[in-house]
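All values below come from the heavy atoms of this structure, side chains included, with hydrogens, waters and symmetry mates left out. Note on naming: letters A, B, ... go to the chains in the order of the sequence lines (proteins, then strands), and numbering restarts at 1 for each one.
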Amino acid sequence: MSRFSREDHIFTDEMPFREEYTPSSLQERTEELDDYEKALSPIARGYSPKNIFLYGKTGVGKTVGTHYILNELKDAVEDYDDVTLTVVTISCRNLSSSYQVAIKLVNELRSITGRKKIASTGYPSEKVYNLLFEEMDKIGGTILCVLDEIDGINNDDDDLLYRIPRARTNSDVEHCDPGIIGISNDYKFKEGLSPEVLDTLCDEELNFAPYDAEELHSILSHRASNAFHDGVIEDDVLPLASARAAQDSGSARQALRLLYKAGELARENDSETVTSEHVESAQSLLEMGKVKEGIRDSTSQDHVILCSILDLALDGKTPTRTRTIHERYEKFAETVNVDPLVQRRMYDRVSELLRRSFLDMDVKNEGYRSGRYYEYELAVSIETVLEALQNVERVDPLVNRLEKKRNGNTNRNKNKYKQKRFD
DNA sequence: ACTCCACAGGAATTGAGGGGTG
DNA sequence: CACCCCTCAATTCCTGTGGAGT
């Protein structure tokens, strides 16, 4: 077989594993969709929309389910001439303030009416709201604002979530009926909201539970039957993949990724079939890949901090406290021309690395003499960090140095080992 | 029981950088 | 052009706190 042969004994030409692939029906979510439908039913009957708060972890069908049910609603509404429905969907990821969300909504609405977009900053807040309500009034009818990843919005800046549902009663709009569908994977987001917002936003609350192993199995076998050639999947593969994904996250996306990766491995190894071993190695590869990607996507500051902790680890000085990290960090920052942050600020970055579980932390307390402090160490292997930071231009000199140091260490260990053997 | 350390982490402030209007 | 609005990283300042030493 030639290296670039298009023959593929594992995968078929169909590609139900692609990220953008939307299944024609949503499996294992009938109950949730029924509730969803009920919550939306007033719209079809010509009443004002209820506001909906939808929560559930990633990959449990929130976004897909929303698309699916809103398309059905749109179809249904087309038959009634007394109802017009407009849906705007935006993702609030990276939008931390009401202001930014409002701007994005305005631009989304303007792209529907084909008008010019507005700049992302510069206007007074009230002006942006006015623009938003103006656009809504121009479109008219029922307007549903789907705010995906709504937890991106700061809890103390939730003005917009209050203004949209109340726009009608506050006479901000006259010719339309706006409603919000908020989607979040963080249930706690609700707790931080101000009481007024909570009251208006959560007319209806829907929960998408994680898939259990059985449900994942059913989803996987449905997709696998299209994606793989007959008989290439061994019997224990699907149960294993669904069990792993159910245990970890209950995410269909994760389960599908796992199965796909396992298939890729089988293909690369010229294996006749996909086996449970492929699933196992696929899982560890995916986990490692996620960590590396996460590290690579961090800022230069984070990279320098990681290098500092890594260096301390090579010296056998981890777990280590903030103060020590900062000392080394300042030196490292200088060698790679990064403006060093003050300790307080570096500590914020460290906390962030901790939150993203690249680090582990322990509380220490030495009372009267040495007070209370935290100790950190790497939560991932030294090799993983080094590999991730390879070819990151900014910290190249540091990485080289650390690599030499590590090699020195391993050589020394080897020598130690030799000596022991000769003893 | 009380003291006192070191620093975690909240709050206020600043200043640069995006852009607006008249 | 002068002047204003919003954002966000960074800095400075400050208060709160757990528990070993006294």
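Side-chain N/O atoms of Arg356(A) and Ser298(A) include a donor and acceptor closer than 3.5 Å.
Across residues 346-357 of chain A, not one residue has a non-hydrogen atom less than 4.0 Å from an atom of DNA chain C. Contacts between residues 126-135 of chain A and DNA chain B, defined by a heavy-atom separation under 4.0 Å, are absent. Contacts of residues 328-337 of chain A with DNA chain C (heavy atom under 4.0 Å): none. At a non-hydrogen distance threshold of 4.0 Å, Gln100(A) from residues 100-114 of chain A come into contact with DNA chain C.
Closest contact between the side chain of Arg345(A) and the listed nucleotides dT12(C), dA10(C), dT7(C) involves dA10(C). Side-chain proximity of Tyr368(A) to the nucleotides dT7(C), dT12(C), dT22(C) is greatest for dT22(C). Residue Ser125(A) places its side chain closer to dC6(C) than to any other of dC7(B), dC6(C), dA10(C).
dC8(C) atom C1' lies 14 Å from atom CG of Leu95(A), rounded to whole Å. Rounded to whole Å, the distance from CG on Asp362(A) to P on dC7(B) is 16 Å.
A donor-acceptor contact under 3.5 Å is not formed by the side chain of Asn365(A) with the base of dG19(C). Contact of Arg369(A) with dG19(C) (side chain to base): no donor-acceptor pair of N or O atoms is detected under 3.5 Å. Looking at Arg372(A), its side chain has no donor and acceptor atom pair within 3.5 Å of the base of dG19(C).
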Discussion item. Within the 4.0 Å limit for protein heavy atoms, which parts of nucleotides 12-19 of chain B are touched? Write it as a string from 5' to 3', B for base, S for sugar-phosphate only, - for none.
Written reply: ------BB

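Looking at heavy-atom distances under 4.0 Å, Arg344(A) makes contact with a base.
Judged as a ring-ring contact (aromatic ring centres under 6.0 Å, His included), the pairs with a partner in residues 310-360 of chain A (not counting sequence neighbours) are, in order, His326(A)-Tyr329(A).
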